[in-house]
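Notes for the one structure printed next.
Each chain gets a letter, A, B and so on, in the order its sequence line appears, and its residues count up from 1. Just so you know, these numbers come straight off a predicted model, no measurement behind them.
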Amino acid sequence: MRLAPYPSGALHIGNARMLVLNDEYVKRYNGRLLLVYDDTIGATKDAIENDPNAKYIIPEAYDLIREGLEWLGIDYDKNNVIYKSDRVKIYQNYAQDLIQKGEAYVCTCDATVFREKYKKVGKPCPCKELSIDVHLDRWKNMLDGSYEEREAVVRINTGMDQKDPALRDHVIMRISDAEHPRIGTKYRVWPILDFSWGIDDHELGVTHIIRGADLQKEGFMEHYIWDLMGWEPAAILLYGRMRFSNEFILSKTLARQKINTGEYESWKDPRTWSLQSLEARGIQPDALRESLLDLGMSQSGISFSEKWIYAKNTKLIDSDANRYWFVEDPVKLDIINLPKERYVSTPSLHPSYEERGTRLIELKTKDHKASVYISRLDTKIQMSRKETKVRYPKFSEGTRFRLKDLFTVEIQSVHPKKFEARFLTEKVEPSIRKIQWVPYESNVKVHVLKPTGVITHGKAENTIKTVKPGTIMQFERYGYVKMQKSQKNGLYCYFTH
RNA sequence: GCUUCCGUAAUGUAGUUCGGUCAAGCAUGCGAGGCUUUCACCCUCGUCACCCGGGUUCAAAUCCCGGCGGAAGCACCA
């Protein structure tokens, strides 16, 4: 079997299904998995230079792809990595052979004219009438540069009377003067996907192909070629297309553009949905793998939900993720009537694993007063996730709540920018609302990059200063977060989910 | 328009090849409860489905026909 990524950027969540399915199939039947970079040049030089949306190969993509495969644990044959760009001569030879046999011809019709005038009505174009010698001449002209880009193509003679318009005398070779990142301008006549794979799946000994249903036509074309050559056909299995929710933009080309303009910080930006970005966020490879495997080989189109990954990921990371307190959009809360001079809170790092120990958060009082930060969200109407259930009231005079693992207070007064409360008791009442807090005097700024690209700001307890980059932790009642780095203006984290 | 593929609950999937064991399994979601100084995790219980209409048959989610619905292809992209 084989993986055939196009090196225009890092692999993303949409490509991952192909990877995982192939990998799993090979493992199950003890097969071999080839990595074949499908790095033929598609667009013309003209398009690449003038059309910002043109697909093209970027040199760094080869490594980005390899990184992604490694992260996902795809077990491909690392000693036998293949580049289609090394094999162009092979396709050219086969194409010439087909022309010689009258199974292919060189067409000089304009693409639009061919489509409108001939393909749509199922009539052959005038080129097809010409002799094999003329076509061989034209073929030479393609190779030696006498023809410009788009002036001529090689079409395979599947027949203009094919029922399916998609199959009528499809192009198999075309001209591009674009420079290839690996082999430069060594070749100018490049194969189309259908043709190159018709050749390679045979030449490389591929017996089974798993690909998306959008490549169904390519399967027909390959079969046509195998028949023509008298080759043993490979088995082709298709899986359905995945649609992604929200404003998922799964385009490597677009991601590349945004990285270039600086709108995204790198391939790690969560909006690329690249495998690199998932790793950066703290998604476990197995969470992705299992979610994708759950979809099976169904050919129906599915709306993919990232929540499936999150659900699996939560189960994988929860036991490792230590708990910390973080308040998003902090507001000050002044507390009065404090009887003691010092309060110490020692919440455990993980309630299910007490043996990991506790954190220590200290709140000092002065003249029986102290201040903490709480999240603005908690001061507004709080709807429980179960919407039908508890609806915590907006903070107003008399509202009682507990600063978690500290003490219970009651709101005395509400000001635009702060709240004042009075100490009630240290005794825990099981049913009272508990909220996270951090000391006003001692805390650390934290910036969290959300999957939408928005960065939110807040304050966390000081103890997270010791958390190492790359660690996944849980901000209680907020979500899981992966520590990235310490910056001058505070700590920087990626939101996991 | 032409061609092909698909159609099981809110979402996804198992079962359809060789009709009965499927009054339909699983996961996520949702709901109830338990645990808990997190609306986390974990545990228990519950909830919702075979696109429609015919036909074949003792028996159909499974086979046949016809509808309807959805997706993909019809690029000198991959």
Side-chain angles (χ1 to χ4, degrees), chain A residues 4-8 38-44 47 53-57 107 109-112 114-115 119-120 122 149-155 162-168 170-176 189-190 192-194 196-197 212-220 238 240-243 245 252-253 290-291 293-305 307-312 314-315 317-319 321 323 325 345 347-348 350-353 382-386 388-390 392 402-406 408 428-436 474-480:
Chain A
Y6 180 65
S8 61
D38 205 348
D39 60 345
T40 59
I41 291 189
T44 56
N53 295 317
K55 280 190 185 181
Y56 61 87
I57 300 161
C107 173
C109 298
D110 176 82
T112 318
F114 185 87
R115 185 192 325 129
K119 178 180 273 190
K120 276 197 179 166
E149 289 182 333
R150 304 188 67 89
E151 270 190 355
V153 291
V154 180
R155 293 186 182 278
Q162 283 280 348
K163 273 177 140 185
D164 183 348
L167 267 27
R168 292 173 191 157
H170 205 265
V171 171
I172 56 170
M173 301 291 286
R174 42 53 164 110
I175 301 168
S176 172
V189 178
W190 293 84
I192 246 42
L193 179 141
D194 316 44
S196 68
W197 278 113
D214 50 323
L215 260 36
Q216 195 186 48
K217 177 205 70 180
E218 283 70 10
F220 287 117
L238 304 175
R241 242 212 142 153
M242 296 197 290
R243 281 188 308 282
S245 55
K252 291 189 272 193
T253 303
E290 284 168 29
S291 312
L293 249 23
D294 277 353
L295 310 182
M297 281 293 294
S298 153
Q299 279 204 55
S300 39
I302 43 189
S303 317
F304 186 86
S305 171
K307 291 188 182 137
W308 301 334
I309 301 177
Y310 298 164
K312 290 201 188 288
T314 297
K315 289 176 177 38
I317 63 177
D318 185 77
S319 59
R323 271 56 172 170
W325 293 343
S345 176
S348 63
H350 193 122
S352 309
Y353 304 91
Q382 269 288 295
M383 202 120 48
S384 157
R385 236 214 308 209
K386 303 158 190 168
T388 48
K389 276 273 263 189
V390 198
Y392 294 115
R402 185 168 180 88
L403 296 174
K404 192 165 180 260
D405 281 295
L406 195 66
T408 303
V428 184
E429 302 160 68
S431 61
I432 200 163
R433 176 184 182 194
K434 286 131 196 141
I435 66 175
Q436 280 66 215
Q474 189 201 73
F475 285 163
E476 285 187 17
R477 273 171 66 247
Y478 183 75
Y480 297 91

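Summarising the geometry of A:Thr40 relative to A:Tyr6, their closest heavy-atom pair is O-CE1, 3.7 Å, with the distance given to 0.1 Å. For A:Ile192 against A:Val171, the heavy-atom pair with the smallest separation is CG2-O, 3.5 Å. Closest of all the heavy-atom pairs between A:Ser303 and A:Trp308 is O-CH2, 3.4 Å. Here the closest heavy-atom approach between residue A:Cys107 and residue A:Arg155 is recorded as SG-NE, 3.4 Å. When all heavy atoms of A:Gly240 and A:Ala213 are compared, the closest pair comes out as CA-CB, 4.3 Å. Residue A:Ser298 comes nearest to A:Ser300 through the heavy atom pair OG-OG, 2.7 Å, listed as atom of the first residue, atom of the second, then distance.
Whole-Å rounding puts the A:Leu293 CG to B:rU13 P distance at 13 Å. What separates CZ of A:Arg477 from P of B:rU36 is a distance of 19 Å, to the nearest Å. When rounded to the nearest whole Å, the span between CG of A:Asp294 and P of B:rU13 equals 10 Å. A:Phe220 has its CZ atom 8 Å from the P atom of B:rU4, to the nearest Å. Atom pair A:Gln474:CD and B:rC39:P shows a separation of 11 Å (rounding to whole Å applied). Residue A:Ile172 contributes atom CD1, which lies 17 Å from atom P of B:rA75 at whole-angstrom precision. Atom CH2 of A:Trp197 is separated from atom C1' of B:rC77 by 16 Å (rounded to the nearest Å). A:Met242 has its CE atom 19 Å from the P atom of B:rC6, to the nearest Å.
Nucleotides B:rC52 and B:rA75, compared at atom C1', are 38 Å apart to the nearest Å. Separation of the C1' atoms belonging to B:rC26 and B:rA71 is 26 Å when rounded to the nearest angstrom. The C1' atoms of B:rC43 and B:rU36 are separated by 12 Å, rounded to the nearest whole Å. Taking the C1' atom of each, B:rC63 and B:rC74 are spaced 33 Å apart, rounded to whole Å. Nucleotides B:rA14 and B:rA49, compared at atom C1', are 13 Å apart to the nearest Å. Here the separation of B:rG7 from B:rG46, taken at their P atoms, is 30 Å to the nearest Å. Atom C1' of B:rG25 sits at a distance of 12 Å from the matching atom of B:rU8, rounded to the whole Å. When the P atom is used for both B:rG15 and B:rG31, the distance is 31 Å, rounded to whole Å.
In this structure, A:Arg168 does not reach the B:rU3 phosphate: none of its side-chain N or O atoms is under 4.0 Å from OP1 or OP2.
The distance from the CD atom of A:Glu290 to the NZ atom of A:Lys315 is 11.0 Å, given to the nearest 0.5 Å. To the nearest 0.5 Å, atoms CD (A:Gln436) and CG (A:Leu403) are separated by 10.0 Å. The structure places CD of A:Glu218 at 10.5 Å from CZ of A:Phe220, a figure rounded to the nearest 0.5 Å. Considering CZ of A:Arg243 and CD1 of A:Ile302, their distance stands at 8.5 Å, rounded to 0.5 Å. A:Ser305 OG to A:Tyr310 OH: the interatomic distance, rounded to the nearest 0.5 Å, is 8.5 Å.
Between the side chain of A:Arg168 and the backbone N or O of A:Gln162, at least one donor-acceptor pair lies under 3.5 Å. Side-chain atoms of A:Ser345 come within 3.5 Å of backbone atoms of A:Asp405 as a donor-acceptor pair (strictly under, hydrogens ignored). Judged by distance alone, the side chain of A:Ser176 and the main-chain N or O of A:Ala43 form a donor-acceptor pair under 3.5 Å.
Residue A:Arg174 has its side chain nearest to B:rA78 when only B:rA78, B:rU38, B:rU37 are considered. In the set B:rC76, B:rU38, B:rA78, B:rC76 carries the atom at the smallest distance from any side-chain atom of A:Ala111. Checking B:rU37, B:rC41, B:rA78 against the side-chain heavy atoms of A:Lys404 singles out B:rU37 as nearest.
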Got a list of protein N/O to nucleotides 14-16 of chain B N/O distances below 3.5 Å?
none

Each nucleotide N or O in nucleotides 68-74 of chain B that has a protein N or O under 3.5 Å away: list the pair and distance.
from: B:rG73; atom 1: N2; to: A:Asp164; atom 2: OD1; distance (Å): 3.3
from: B:rC74; atom 1: O3'; to: A:Lys119; atom 2: NZ; distance (Å): 3.4
from: B:rC74; atom 1: O2'; to: A:Pro165; atom 2: O; distance (Å): 3.3

Protein-nucleotides 42-46 of chain B N/O pairs closer than 3.5 Å?
none

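Here A:Thr44 lies out of heavy-atom contact (under 4.0 Å) with every strand. The residue A:Ile302 sits close only to the backbone: its heavy atoms come under 4.0 Å of sugar-phosphate atoms, none of a base. Within the 4.0 angstrom heavy-atom criterion, base atoms lie near A:Asp405. Among the protein residues, A:Thr40 comes within range of the sugar-phosphate backbone only, with heavy atoms under 4.0 Å from sugar or phosphate atoms but none that close to a base. If you check every strand for non-hydrogen atoms under 4.0 Å, A:Ile309 touches nothing. At a threshold of 4.0 angstrom between heavy atoms, the contacts of A:Val171 are confined to the sugar-phosphate backbone, with no base atom among them. Counting non-hydrogen atoms under 4.0 angstrom, A:Tyr478 reaches nothing in the nucleic acid. A:Lys307 comes within 4.0 angstrom of no nucleic acid atom, judged by non-hydrogen atoms across all strands.
Under the Watson-Crick or G-U wobble criterion, with both distances below 3.5 Å, B:rU62 is left unpaired in every strand shown. With a cut-off of 3.5 Å on both Watson-Crick or G-U wobble distances, the partner of B:rA10 is given as B:rU28. The base-pairing partner of B:rU17, taking Watson-Crick or G-U wobble contacts with both distances under 3.5 Å, does not exist among the strands shown. Look at B:rA23: it lacks any Watson-Crick or wobble partner with both distances under 3.5 angstrom. Remark: B:rC48 base-pairs with no nucleotide; criterion is Watson-Crick or G-U wobble with both hydrogen-bond distances under 3.5 Å. In this structure, B:rC42 forms a base pair with B:rG34, meeting either the Watson-Crick or the G-U wobble geometry with both donor-acceptor distances under 3.5 Å. As the counterpart of B:rC74, B:rG1 is assigned, both hydrogen-bonding distances of the Watson-Crick or G-U wobble pattern falling under 3.5 Å. For B:rU57, there is no paired base (Watson-Crick or G-U wobble, both distances below 3.5 Å).
For the pair A:Lys55 and A:Gln436, nearest-nucleotide mapping onto RNA chain B gives the more 5' position to A:Gln436. With the nearest nucleotide of RNA chain B identified for both A:Trp308 and A:Ser319, A:Trp308 has the one nearer the 5' end.
Between A:Arg323 and A:Asp318, at least one side-chain nitrogen of the basic residue sits less than 4.0 Å from a carboxylate oxygen of the acidic one, meeting the salt-bridge criterion.
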TODO: Go through the steps to decide whether A:Asp164 and A:Lys217 satisfy the test side-chain contact (heavy atoms from CB on, under 4.5 Å), and finish with yes or no.
DONE: CA-CA 10 Å; A:Asp164 183 348; A:Lys217 177 205 70 180; 5.8 Å; no
